[in-house]
Each structure stands twice: as structure tokens, then as C-alpha cells.
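Predicted model only: the values in this text are computed from it and were never measured. Throughout, a chain's letter reflects where its sequence line sits, starting with A, and its residues are numbered from 1.
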Number of protein chains: 2
Amino acid sequence: MTSPDTGETGSLLLDDQLCFGLYSASRAVTALYRALLEPLDLTYPQYLVMLALWQQDEQQVKELGAALSLDSGTLSPLLKRLEKAGLIKRERQSDDERSVRIRLTEEGTALRTKAERIPPHVGAAMNLDKAELGRMRAVMDELTASVNAYRESYRPS
Amino acid sequence: MTSPDTGETGSLLLDDQLCFGLYSASRAVTALYRALLEPLDLTYPQYLVMLALWQQDEQQVKELGAALSLDSGTLSPLLKRLEKAGLIKRERQSDDERSVRIRLTEEGTALRTKAERIPPHVGAAMNLDKAELGRMRAVMDELTASVNAYRESYRPS
DNA sequence: CACAACTTAGTTGTGCACAACTAGATGACA
DNA sequence: TGTCATCTAGTTGTGCACAACTAAGTTGTG
């Protein structure tokens, strides 16, 4: 797993690369979310944080980071913007002054109703049947795990 | 195609969403490229531009933008950095002073040799058999097209 | 207890992605 | 021919992603 298959051709053609397809698809989906989220005044990463909080309120920055694979360098300013927008509160925990607990405001909780109209649009836009959608999700998860494992074991040759 | 399937549940659970899987996979792949490209002193988007130029040298900014779906707001500073690194030259075309032609330097052409060692690593890291890889690429392309079409026809409801 | 190691958020700096805009060149056509 | 629309690249400003670092709190160990 740590040694590349040098028997493969390894084409440098742009269109041959799954990675470019992945990159393009990801940007296309983000662009769709940009349009869908515009009435909610959220960016896609902000929406992801809200999803995590709607699923479970009162999470530490660290927990949100683990859920989304984002570090404090990304989350800290993003959470400040969400707080400024009145959707969350950030408060130091008294039992451990290092950690900050993120809590939804009433407004933040209420936004969920509007957000519920979004997934159907995304589902329709992706134009995949249920079976393929499930398979894709599985492949994406495996791909992420596999690629991360490879990267972590990679040493410049 | 322009109307969402409201019969679907539209779960707001983070892990249910293919989009999040896509976003995660794309970031994982980019992180792998970051490690692989570090010896070449290229970022992933810079590498994509180089791929496009290795495939066909002497392209206008506009053509590169079409190939990668990037606008001049992204490309202009990126190309300046590639020029500063000595990999490309940017020159106004004499027959149409609006457009800028991007040309590989000798150094830029030579870098291709080093770059050829990268795709095998990526292929190994993705851990997909040839058939599945081809299928994924096809699904990604369809997904991108479908999502972009939906977005372009979308009007805030 | 002292203090070193570790943990949690936050800050700074770089580069990408994109919207909105500008400058200058070109083309269309009344 | 004038001038108006269009085209091409670039600029500015915002936000994300990440590396590298800092500050402050907590834990472990002699």
C-alpha cells in the first residue's frame, strides 16, 4: 500500500485523472450550495457546522473539528462569524478553561426549518438513484480513509 | 429536473450527505497532493495548470480557465506565481492585445519528468481497481454536469 | 510541590475560489 | 466612421484550508 504500482502508466492527461473529476464535482456542489444557502446567509462550511450542531448541540470546538476534519485555524474565525450573525454562542467552560463550548442560539435553532428545504434540492440536482447514491457515499468514505492512510504513511522518496 | 423531490426525506444528518463525503474526499486527495507536490514546489491548482500546459503548450489564460473551470480572479495571481517560479512565461499576443499567452519555460517543460512519478502514488493511494476507477470518473463527470445544470436553472424559491 | 509535557483555542501568513468590478482592446453596425 | 457592446485579463475584497506558531490552562511525574 505504501509503494506505488509502477507498472501503471500514470498518465498526466488532465481528463484521465479521477482527482480532477473529484475536484470539479466538489466545486460544482459547493457552487450549488452557494446558491441554495444564499437566503440563509451561510457559506457551505458554515452550513456544515450548523448541521453538526443541529445534530448535537453544545459541542466543543475540538469536537466540531473532529466531526468536520477542520482545525482551529479554520474554525475559530468561522465560529466568530456565526456568533456575529447571532446563530451561536461561544463560552469558555468553567471546568476546563481551555475549551470553548459552542451553543446554538434560539435564532440558530430556528434556522433549521429553512435548512430543511435544501437537501431535496441537492438530491434532485445530483440526479442519482438511491442505490447509486448509497454506493457513492460508501466509495467516497473508503477513498478518504484509504488516501489519508496512504498520506500518513508516506515519506518523500 | 428543476423541482426537488419533496417526497424524499432530506435528512440533515451530516454523515448521510454525499456532499460531505465528496468534500472530505476532495480535501483528502488535495492533502495527499500537497505531500507529493512538496518536492516540486507546486500547489495542487498550480499542478493542474502545469498538466494542462504539458498536454498543450501555449494556451491563453481564457483557455486554461475553460479547461479548469477557473476564472481570471483565480488564475491571474496563480500564473504570476508560476512565472515568478520560472516555470512559465506570460506574454501579450500581438494580434490581440487583450489576450495573454502562457508558454512553458525550459524549466517548466523539464519539471514534467519529476511530475511523472506522482500519478502512480495517487493511483496506489486511492486503492480502487481499474473498473471502479473508470466508473467513478464517469459518475463524477455526470455529477458535475448535472449539478451545474441544476444550479444554472435554479431560481430562489 | 515544582515543573515539564501536553491540550485547547486562537493568531498570522499564504494560497485558492469566487463575486464584483475595472481597464483596455476589439468587433459590430447604424 | 463613430460609438456602443463585448471580450480578455487583471484587481479588490471576503471566506475557507492549512501550516506554523502562541497563549493559557491542565495533567503527569519526580
Separation of [X] atom [atom1] from [N] atom [atom2], in whole Å?
{"X": "A:Lys62", "N": "D:dG25", "atom1": "NZ", "atom2": "P", "answer": "18 Å"}
{"X": "B:Gln46", "N": "C:dT14", "atom1": "CD", "atom2": "P", "answer": "14 Å"}
{"X": "B:Tyr23", "N": "C:dA17", "atom1": "OH", "atom2": "P", "answer": "14 Å"}
{"X": "B:Arg101", "N": "D:dG10", "atom1": "CZ", "atom2": "C1'", "answer": "19 Å"}
{"X": "B:Leu42", "N": "C:dT14", "atom1": "CG", "atom2": "P", "answer": "19 Å"}
{"X": "A:Leu79", "N": "D:dA17", "atom1": "CG", "atom2": "P", "answer": "12 Å"}
{"X": "B:Ile102", "N": "D:dT8", "atom1": "CD1", "atom2": "P", "answer": "14 Å"}
{"X": "A:Leu64", "N": "D:dA17", "atom1": "CG", "atom2": "C1'", "answer": "16 Å"}

Quick one: does [X]'s side chain get under 4.5 Å of [Y]'s, heavy atoms only?
{"X": "B:Cys19", "Y": "A:Met126", "answer": "yes"}
{"X": "A:His121", "Y": "B:Tyr150", "answer": "yes"}
{"X": "B:Leu51", "Y": "A:Phe20", "answer": "no"}
{"X": "B:Leu42", "Y": "B:Tyr33", "answer": "no"}
{"X": "A:Gln46", "Y": "A:Val49", "answer": "no"}
{"X": "A:Gln56", "Y": "A:Glu63", "answer": "no"}
{"X": "A:Leu87", "Y": "A:Leu53", "answer": "no"}

Exercise. Starting at NZ of A:Lys80, measure out to CG of A:Leu82 and round the result to the nearest 0.5 Å.
Key: 13.0 Å
Heavy atoms only, 4.0 Å cut-off, all strands: where does [X] land among base, sugar-phosphate and nothing?
{"X": "B:Leu70", "value": "sugar-phosphate"}
{"X": "A:Ser76", "value": "base"}
{"X": "B:Leu78", "value": "sugar-phosphate"}

Exercise. State, to 0.1 Å, how close A:Ala25 and B:Thr144 come at their nearest heavy-atom pair, and which atoms those are.
Key: CA-OG1, 3.2 Å
Is any side-chain N or O of [X] closer than 4.0 Å to OP1 or OP2 of [N]?
{"X": "B:Lys80", "N": "D:dT11", "result": "yes"}
{"X": "A:Gln60", "N": "C:dA9", "result": "yes"}
{"X": "B:Tyr44", "N": "D:dA17", "result": "no"}

Exercise. Name every residue in residues 25-39 of chain B that has at least one heavy atom under 4.0 Å from any atom of DNA chain D, in order of residue number, or write none if there are no such residues.
Key: B:Arg27, B:Arg34
Practice problem: Output the residues of residues 86-97 of chain A in contact with DNA chain D, where contact means a heavy atom of the residue under 4.0 Å from an atom of the strand; sort by number or write none. | Solution: A:Asp95, A:Asp96, A:Glu97
Quiz prompt | Options D:dA9, D:dA19, D:dA17, nucleotide nearest the side-chain atoms of A:Asp71 | solution = D:dA19
Quiz item: Between D:dG15, D:dT8, D:dA17, which nucleotide gets closest to the side-chain atoms of B:Arg98?
Solution: D:dT8
Quiz item: With both distances kept under 3.5 Å, what pairs with D:dT29, Watson-Crick or G-U wobble?
Solution: C:dA2
Quiz item: Is it the case that more than 12 heavy atoms not belonging to A:Glu91 sit under 6.0 Å from its CD atom?
Solution: yes
Exercise. Decide yes or no, distance alone: a donor-acceptor N/O pair under 3.5 angstrom between the base of D:dG10 and the side-chain of B:Ser72.
Key: yes
Practice problem: For A:Thr74 and for B:Thr74, find the nucleotide of DNA chain C with the closest heavy atom, then tell me which residue's nucleotide is more 5'. | Solution: A:Thr74
Exercise. Assign each of B:Glu63 and A:Pro45 to its nearest nucleotide of DNA chain D by heavy atoms, then name whichever residue's nucleotide is nearer the 5' end.
Key: B:Glu63
